[in-house]
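Here the structure is a predicted model, which means the values were calculated and not measured. Throughout, a chain's letter reflects where its sequence line sits, starting with A, and its residues are numbered from 1.
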There are 2 protein chains.
Amino acid sequence: MGTDQTGKPSPSDETRPAKEGPVPSPAIRRLCLYLRELEGFLVQDRHTVSSKQLGQMLGLTDAQVRKDLAYFGQFGYPGVGYRVEELIARIRSILGTDRTWNAVLLGAGNLGRALLSYRGFFKKGFRIVAAIDCDAHRIGEQVGMTPGLRVLPLERLAEVIAQYDVQIAILCVPADAAQSLADRLVPLGIMGILNFAPVAINVPETVSVTSVDLAVHFEQLAFRISARQVAQEHGG
Amino acid sequence: MGTDQTGKPSPSDETRPAKEGPVPSPAIRRLCLYLRELEGFLVQDRHTVSSKQLGQMLGLTDAQVRKDLAYFGQFGYPGVGYRVEELIARIRSILGTDRTWNAVLLGAGNLGRALLSYRGFFKKGFRIVAAIDCDAHRIGEQVGMTPGLRVLPLERLAEVIAQYDVQIAILCVPADAAQSLADRLVPLGIMGILNFAPVAINVPETVSVTSVDLAVHFEQLAFRISARQVAQEHGG
DNA sequence: GCTTGTGAAACGTTTCACAGCA
DNA sequence: TGCTGTGAAACGTTTCACAAGC
């Protein structure tokens, strides 16, 4: 894997991208979790952490942690571990969360309003700059924590995206509205869609989509519980 | 370890299908998506579907769909495809959603209330039978759609779990409250925890945990967008 | 002692290719 | 023809084991 062209062993070189080769997508998911744990470490005034400690908190092996980080460079110190602040900065840079991202929320129903009120996104650098709904009853309602934030009609979508340089759309609409909204978002220059509608949406390859179907998580849990029960019956 | 908070390919997910051998955990996730698409098919009065059609709707190959289903037996018809009603029944049986599951929700904040109001879970057979919070201001508040459902104090947790035969707990509490609540749930006989708190929780192997960290999904989307932008710059 | 980074081996998952059937 | 089910090959990911460094 070490296609570090010349094999130059300088430990602190590239801030940005990575070495050659694709990064396992499970590694990306874990990177987010490492970051979460590291941020917790900072609060506890711990300034170094080993791959073993970090892995243990998430049920992973130390080798897994090291490999994941190694895809993006070398930033550990043998015999010491990783410096928490430095690793946080590196992971944020890798994930692209060392900048702020502006998002527009579509669908000010129960879930949409819950997301608008969640402070965690703000801390991570995500700003929901507008909420949009096509239900006339909801328009003008104040939502979220930002005092001035009110629900806007769908007609103002283009204006809002342009005005705030919005890159991300959060879809919290019913399943039957998701695709037509996605079709509307694409030509407006949106770069990514976080889709909470329980349906697959189709967009050009230039747009990234991440889907979160809450019912699917319930079902997966049901399966795990059922499988465990079956295993117990078989085992004794 | 019965938890999948990390995306670790849990080889310990001892799934006992019709045949021998473990089932890839990605296959389980896809099974939920197949079910979702199939339910949509029923509404459109389509009664058979091929692996190719099903895969196309989700961006998967036909071989993938067939393999996933084949882990649990053979229920397709060569030359025809799969019968929609039959396949729905089979997948529900596999996932354990051919029965109803009772859940208690802990933390009646914004997200908790949003989940209480979402009809999709009910349709899938999940019943949130009680909402619990330790904030005195919230106790007694009416939540969700069920007219009688009110927020109960934490003291009534054991009573509620026993009375309704609750198997699943939905954690919608702040990160710092999640672990202590999990510790409290385990001896009460809960079988699975759906954890929306942005922290890893530790429970005995007898309890299944599925974690959903909404901020992590934002971060993953940010990474995907950033990666695409970098790729475009390199490509031209 | 402790740690990281990393080839190589082991393991898991997906894709391929085709026999068999309607 | 069109489809499923499936062994085998290809590919992706994780774990192992250890050299090198603090």
Of all heavy-atom pairs linking Phe196(B) and Leu115(B), the shortest is CE1-CD1, 3.7 Å
If you check every side-chain atom of Lys67(B), which of dC3(D), dA8(D), dG7(C) has the closest atom? dA8(D)
Set out, in order, the CA-CA distance, both residues' side-chain angles and the distance that settles side chain to side chain contact (heavy atoms under 4.5 Å, CB included) for Leu69(B) and Tyr34(B), then state yes or no. CA-CA 10 Å; Leu69(B) 298 176; Tyr34(B) 300 152; 4.3 Å; yes
Within residues 40-53 of chain A, find the residues that approach DNA chain D with a heavy atom at under 4.0 Å, and present them sorted by residue number. none
For Gly96(B) against Ser226(A), the heavy-atom pair lying closest together: CA-OG, 3.7 Å
Identify which nucleotide among dT13(C), dG5(C), dC21(C) has an atom closest to any side-chain atom of Pro78(B), counting heavy atoms from C-beta outward. dC21(C)
SB check Glu37(B) Arg46(B) (cutoff 4.0 Å): no
dC16(D) OP1/OP2 closer than 4.0 Å to side-chain N/O of Gln64(A): no
Looking at Phe122(A), is Arg127(A) sitting on its ring face, NZ or CZ under 6.0 Å from the six-membered ring centre and within 45 degrees of the normal? yes
Could you state the interatomic distance from CD (Gln229(A)) to CD (Gln167(B)), rounded to the nearest 0.5 Å? 7.5 Å
Want to settle it: does Gly79(A) or Val80(B) sit nearer the 5' end of DNA chain D, counting the closest nucleotide to each? Val80(B)
Intra- and inter-strand pairing of DNA chain D, written as dot-bracket with Watson-Crick and G-U pairs under 3.5 Å and | for the latter, reads ||||||||||||||||||||||
Calculate the interatomic distance between Leu69(B) atom CG and dT15(C) atom P; express it in whole Å. 15 Å
Could you tell me how far apart Gln74(A) (CD) and dA20(D) (P) are, to the nearest whole angstrom? 14 Å
Under 4.0 Å between a side-chain N or O of Tyr82(B) and OP1 or OP2 of dG5(D)? yes
Do the side-chain N and O atoms of Ser51(B) and Arg66(B) include a donor-acceptor pair separated by under 3.5 angstrom? yes
Decide yes or no on side chain to side chain contact (heavy atoms under 4.5 Å, CB included) for Arg30(B) and Lys67(B), but give the supporting numbers first. CA-CA 11 Å; Arg30(B) 289 189 299 264; Lys67(B) 250 305 196 257; over 6 Å; no
Does the side chain of Arg66(A) get closer than 4.0 angstrom to OP1 or OP2 of dT4(C) through an N or O atom? yes
Below 4.0 angstrom from OP1 or OP2 of dT14(C), is there any side-chain N or O of Arg30(B)? yes
Please identify each residue that fulfils ring-ring contact (aromatic ring centres under 6.0 Å, His included) with Phe223(B), with sequence neighbours left out. none
Identify, between Tyr77(A) and Ala27(A), the residue whose nearest nucleotide on DNA chain D lies closer to the 5' end. Ala27(A)
